[in-house]
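Ligands are counted one by one from 1 in listed order, and the atoms in each one are counted from 1 as well. One-based numbering along the sequence shown.
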Amino acid sequence: MSRTIRVMENRELGKGFDARAAIAEASRCLLCHDAPCSRACPAGTDPARFIRSLRLGNIKGAAETIRENNPLGASCSRICPANELCEGACIRARLDEPVKIAKLQRFITDEERRLDMHILTGADTNGKKVACIGAGPASLACAVTLAREGCHVDIMEAAGHPGGMLSLGIPPFRLPQEIVDFDLSRLDDLDISFFCDTPISSQDIDNLLTRYDAVFVGTGLWKPKTLDLPGKELDGVCHALNWLKTARLEKPSEAGNRIVIIGDGDVAMDCATTAAALLAANVKLVYCRPIAFASANMAETLLAVNMGIPVLAEFFPKAIRGENGKVTAIDFTGADGISHMTLAADKIILAVGQEQQPDIASLPVHPRLFAGGDRTNGGATVVAAIASGKRAAAAILEAIGETPLAETRL
Ligand SMILES: Cc1cc2nc3c(=O)[nH]c(=O)nc-3n(C[C@H](O)[C@H](O)[C@H](O)COP(=O)(O)OP(=O)(O)OC[C@H]3O[C@@H](n4cnc5c(N)ncnc54)[C@H](O)[C@@H]3O)c2cc1C
Ligand code: SF4
């Protein structure tokens, strides 16, 4: 594990519940008949059911509900926008405040890890073979659902480690790598093989379709969008995903001293908080939109603000300045068309979105070829990717003549 990951993991945000606090929190649940929290989870994690088990002290039953419905349950407990999903729907908020569902999920999956529970098991083989391209949440959820039905699944991943954005994008102080690796280790008992460092291109798909009963493509969005600014070629201008990836591997001092981040989404927030966590002296976030319309989750924005990172809203980047090929500053124009601002910078991080990689962008139309996750929804959340992977698995089972398990929640 690199030094940067260790430094960042040591700063993991927030502490979990102990058993007494977890059961007390679970006891606040009103046991709603129609459980809006469960209906609000795209991945079908079913909080109402695991909270019921927990309040009866049945931690194993609670862990089974999470793991069987959501193969990345430990990771999701840390990074789901719960305030917009299960906790946002929680009826208890009408009395005082929502049940802390994500924190309960974290407690239960921490117990699952402490007790080394092995919940996921495969079924008798049905002789079917499926290839999943990419090892992010969408492919993993698809693979787990299929393997639990008796299919053999080969996962082909371009990077050296599975997990997709969980391992390569989301900063370790929000999601420690050991938590991602724990979720991945729960797949060991299933008939799933991983082939890392194995990029697949559009040209390979026909061949895969001859070798497998079905193919799922969950390759996400990995080509950074850019801004057509004068000076964009200067040394020190970089794209958010590349910066986040290298920040995990480099020494903190190499992160740059005066960092300006352009963008108003979650990825921009992650760059800002990562830069601050790596002790970068001077980090500034600049948005085009008013703060109220920024696309980042409010919890992530508040985290950046609470770390003392200035957020400068309603400024459009105009030109990047440099000397000897290196960035020195960036000019902005205000949304009012009158104001101007120049910020000194050694590094400018563009966090203005991602799109599909050209090598796997186009896919043939074929009845046994499926796709899901960020590449089909335009970029959303981990639970949305899991949901789409589970839906694709159900469609694959139908296409290859297998009947899905009744208890698979979609
Ligand atoms: C910085 C950042 C922070 C985020 N924070 C959150 C958060 O807090 N909460 C949340 O819910 N969501 C968050 N998201 C969004 C979330 O990570 C994605 O929605 C989710 O990971 C999408 O899953 P996926 O499986 O579709 O794609 P990915 O996770 O992108 O996985 C795709 C995988 O396919 C591989 N691949 C790509 N091309 C090929 C190829 N040609 N051949 C083989 N393999 C290939 C990639 O290497 C990758 O491993 C964040 C995203 C980013 C970038
Ligand atoms: S909505 Fe809230 S109170 Fe109702 S079942 Fe879910 S967690 Fe319990």
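Remark: C238 SG to I349 CD1 distance equals 5.0 Å, nearest 0.5 Å.
Distances shorter than 4.0 angstrom occur between a heavy atom of T198 and an atom of ligand 1.
The part of L241 lying near ligand 1 is the side chain, judged by heavy-atom distances below 4.0 Å. By the criterion of a heavy-atom distance under 4.0 Å, neither the backbone nor the side chain of L140 is placed next to ligand 1.
In the candidate list Q356, R174, R375, R174 is nearest to atom 5 (N) of ligand 1, counting heavy atoms. When L168, I170, I79 are checked for heavy-atom proximity to atom 6 (C) of ligand 1, I170 turns out nearest.
A salt bridge links D116 with R186; the closest basic N to acidic carboxylate O contact falls under 4.0 Å.
Residue-to-ligand polar distances keep I133 apart from ligand 1: every N/O pair is separated by 3.5 Å or more. For D266, no nitrogen or oxygen atom sits less than 3.5 Å from a nitrogen or oxygen atom of ligand 1, counting backbone and side chain alike. Of the polar atoms of A380, at least one N or O is found under 3.5 Å from an N or O of ligand 1, judged by distance alone. Considering backbone and side-chain atoms together, A158 places an N or O closer than 3.5 Å to an N or O of ligand 1. Residue W222 places at least one N or O, backbone or side chain, under 3.5 Å from an N or O of ligand 1. An N or O contact shorter than 3.5 Å is missing between L221 and ligand 1 by distance. Close N/O approach between E157 and ligand 1 is found [any backbone or side-chain N/O within under 3.5 Å]. The shortest N or O to N or O distance between I200 and ligand 1 is under 3.5 Å.
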Show which side-chain atoms of residues 213-226 pair as donor or acceptor with protein atoms under 3.5 Å away, not counting sequence neighbours.
| residue | atom | partner | partner atom | Å |
| --- | --- | --- | --- | --- |
| D213 | OD2 | K129 | N | 2.7 |
| T219 | OG1 | R375 | NH1 | 3.0 |
| K223 | NZ | E355 | OE2 | 3.4 |

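Residues satisfying the side chain to side chain contact (heavy atoms under 4.5 Å, CB included) test with T65, not counting sequence neighbours, are D46, R49, F50, N69.
Here 1 is the count of protein N, O or S atoms positioned under 2.8 Å from atom 6 (Fe) of ligand 2, waters not counted.
Sorted pairs that involve residues 301-315 and meet side chain to side chain donor-acceptor pair (under 3.5 Å), not counting sequence neighbours, are lacking altogether.
Counting the atoms of ligand 1 from 1 in the order shown, those under 4.0 Å from a heavy atom of G218 are 32 (C), 33 (C), 34 (O).
Using a 4.5 Å cut-off on side-chain heavy atoms (C-beta onward), L120 and R67 make contact.
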